[in-house]
2 protein chains.
Amino acid sequence: MIAVDYGTTPLPNLPGHVTICEVGPRDGLQNESTVVPVEIKAEFVARLVDAGHRVVETTSFVHPKWVPQLADAEELLSQVERVSGVRYPVLVPNEHGLERALARDVRDIAIFASATETFAQRNLNRSIEQSLEMFAPVIARARAAGIGVRGYLSMCFGDPWEGEVSRQQVVRIATQLLDAGCTELSLGDTIGVATPGQVDALLRDLFEVGVSADQIAVHFHDTYGQALTNTFVALQRGITTIDASAGGLGGCPYAGSATGNLATEDLVWHLHGLGIDTGIDLQKLVETSAWLVGYMGRTCLARTVAALT
Amino acid sequence: MIAVDYGTTPLPNLPGHVTICEVGPRDGLQNESTVVPVEIKAEFVARLVDAGHRVVETTSFVHPKWVPQLADAEELLSQVERVSGVRYPVLVPNEHGLERALARDVRDIAIFASATETFAQRNLNRSIEQSLEMFAPVIARARAAGIGVRGYLSMCFGDPWEGEVSRQQVVRIATQLLDAGCTELSLGDTIGVATPGQVDALLRDLFEVGVSADQIAVHFHDTYGQALTNTFVALQRGITTIDASAGGLGGCPYAGSATGNLATEDLVWHLHGLGIDTGIDLQKLVETSAWLVGYMGRTCLARTVAALT
């Protein structure tokens, strides 16, 4: 329980409001070994919204062969009662996925590209160029239907097979995705290896070619404990959309670690301490994560959840 | 194992070298419920030095009634083979503790003060002023004997009973400790609640009254996942001495959480990614923490240790 008030101390040149893109139900649960029943997922999404979230990435239409944890996507979407003013993006791998999404009246989708050839081959079974060709009609059709399209770009700061990733290559693919019609681009540190110099340099390079801060979200994994610090650097560069996962749900399929995404609670503690508005009730969020992780029978990796429960 | 090279990307205006003050054997082990045998502690210290540490806070002369985990201080000091160029500070609560330290040829001590009245009463059983009076002769005698004196200042950013802590009060006590002869001052976020605005503001206030960056160390606990980010802010303000605990050993006696100090491995990953020299061999350090935590039979809270083992 939050018992004591530690006040707020703002820093100059940081945004006044941040939008958190809550990815727990999708990026979190798809990387957990426990499969959560659909009614628990629906309650999870509802509680996240009740805690104040306005963007909750809900599920994925990737084939269940690849992501069995989210095989109930259609059923989940029918069970989630959509609240006005809240976005519930769904991951969509191709045109078939888009059709399934349209049939469920999804208003926001996300596609996922790779910044490295090795990960494009392993995750999408095609080259970077081929994957961009696959996404182009998905993005165009979605936009024509008035649907927002988030583009995930994975492995922006390091790749477990290739090591260091060329910033020039990341900038090239990022601009291709934006040119293709993505309404937002989420820069992913999929394996959590990034440090602040990389984040700062990539954002500067993107700004230099005309990308603006409000087109960019950042998506850090906490595999090496760097997620919040990298997020802070992005805030210092004017980024106002930050991906995080309730309770730090997730895990990293490309490292031996159970550590997942940046934990939303640690992020909210950080932002509220800086006087940055998120619209989120931290106590409700902590209770939601503690409830879900308790259901899954494991320890919560979010420090703030451990401290407040 | 570190299999892939992710390169280094420096940021302007950060220091080129950082001295890590390794507090695992003292601040870490004193807050663990497992009592570690003296020969394991001696091996732990030796392995930390072998991994490249040049400052290892080794033990404490606080009465065993209060810190039973470190009741073997004298025996440990006789077992630790001191390496030239390495400092092995020992916590000393009063003149009696100083005499025990002098008898064991200790060359660096640390005293511990509180930034709040409540914690001074609870931890030292006296007021802030009374505790400073108690430390004054300890500091003076140590300095006269050519011994370095680190002053810990606890609860600089928040107190579990008082909440927000007045920066003016912290600055006042900090300058008193330096005026009394402390050679270094470690600003402690004992309960891990701080966020970057507080760190930045306190450092600015200290600089304003003439304290210099090389007199200051920062000591963050990771109770709310903020430790590394706060450290980064301190680096941005020119601080070059950072306290951390191998494997994130510790725990917080004033929160329900098992989370301890900033984990040294996560700090080293951060600094090396930024191209900042520490002199530490990360792989050796990870193996040391994994070995100790394995001996203690618990999970390692350091993300980097989990990722690399």
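Small disclaimer: the values here were computed from a predicted structure and weren't measured. Chain naming here is simple, since letters A, B, ... match the order of the sequence lines and numbering starts at 1 in each.
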Subject >> Max heavy-atom pair count under 4.5 Å with chain B, selected residue of A/Leu267, A/Leu14, A/Asp159 >> reply: A/Asp159
**OP:** Using non-hydrogen atoms and a 4.5 Å limit, figure out which bit of B/Asn230 sits close to chain A: side chain, backbone, both or neither.
**Re:** neither
Original post:
Would you say A/Thr9's side chain and B/Gly197's backbone share a donor-acceptor pair under 3.5 angstrom?
Top reply: no
Original post:
If you count heavy-atom pairs under 4.5 Å with chain B, which of A/Thr229, A/Thr195, A/Val4 comes out on top?
Top reply: A/Thr229
**OP:** Count the heavy-atom pairs under 4.5 Å between each of A/Gly225, A/Pro196, A/Ala201 and chain B, then report the option with the highest count.
**Re:** A/Pro196
Subject >> Closest non-hydrogen atom pair, B/Tyr224 against A/Thr304 >> reply: O-OG1, 3.3 Å
Original post:
Taking atom CZ of A/Arg303 and atom OG1 of B/Thr223, what is their separation to the nearest 0.5 Å?
Top reply: 9.0 Å
Subject >> Polar side-chain atom of A/Trp269 near backbone of B/Val193 as donor-acceptor pair, under 3.5 Å >> reply: yes
Subject >> Which atoms of B/Arg167 approach chain A - backbone, side chain, both or neither, heavy atom under 4.5 Å >> reply: side chain
**OP:** Measure B/Asp222 against the heavy atoms of chain A and call it side chain, backbone, both or neither at under 4.5 Å.
**Re:** both
Original post:
Which residue out of B/Val165, B/Thr8, B/Leu271, B/Leu308 racks up the most heavy-atom pairs below 4.5 Å with chain A?
Top reply: B/Leu308
**OP:** Examine whether an atom of A/Val199 lies under 4.5 Å from a heavy atom of chain B, and if so say whether it belongs to the side chain, the backbone or both; otherwise answer neither.
**Re:** neither
Original post:
So which of B/His272, B/His270, B/Glu162, B/Gln198 has the biggest tally of heavy-atom pairs under 4.5 Å with chain A?
Top reply: B/His270
Subject >> Option that, when pairs with chain A are counted at under 4.5 Å, heavy atom only, ranks first among B/Ala263, B/Gly273, B/Gly275, B/Gly163 >> reply: B/Gly163
Subject >> Side-chain donor or acceptor of A/Gln226 paired with backbone N/O of B/Asp266 under 3.5 Å >> reply: yes
Original post:
If you take all heavy atoms of A/Phe232 and B/Gln236, which pair is closest and at what distance?
Top reply: CE2-OE1, 4.0 Å
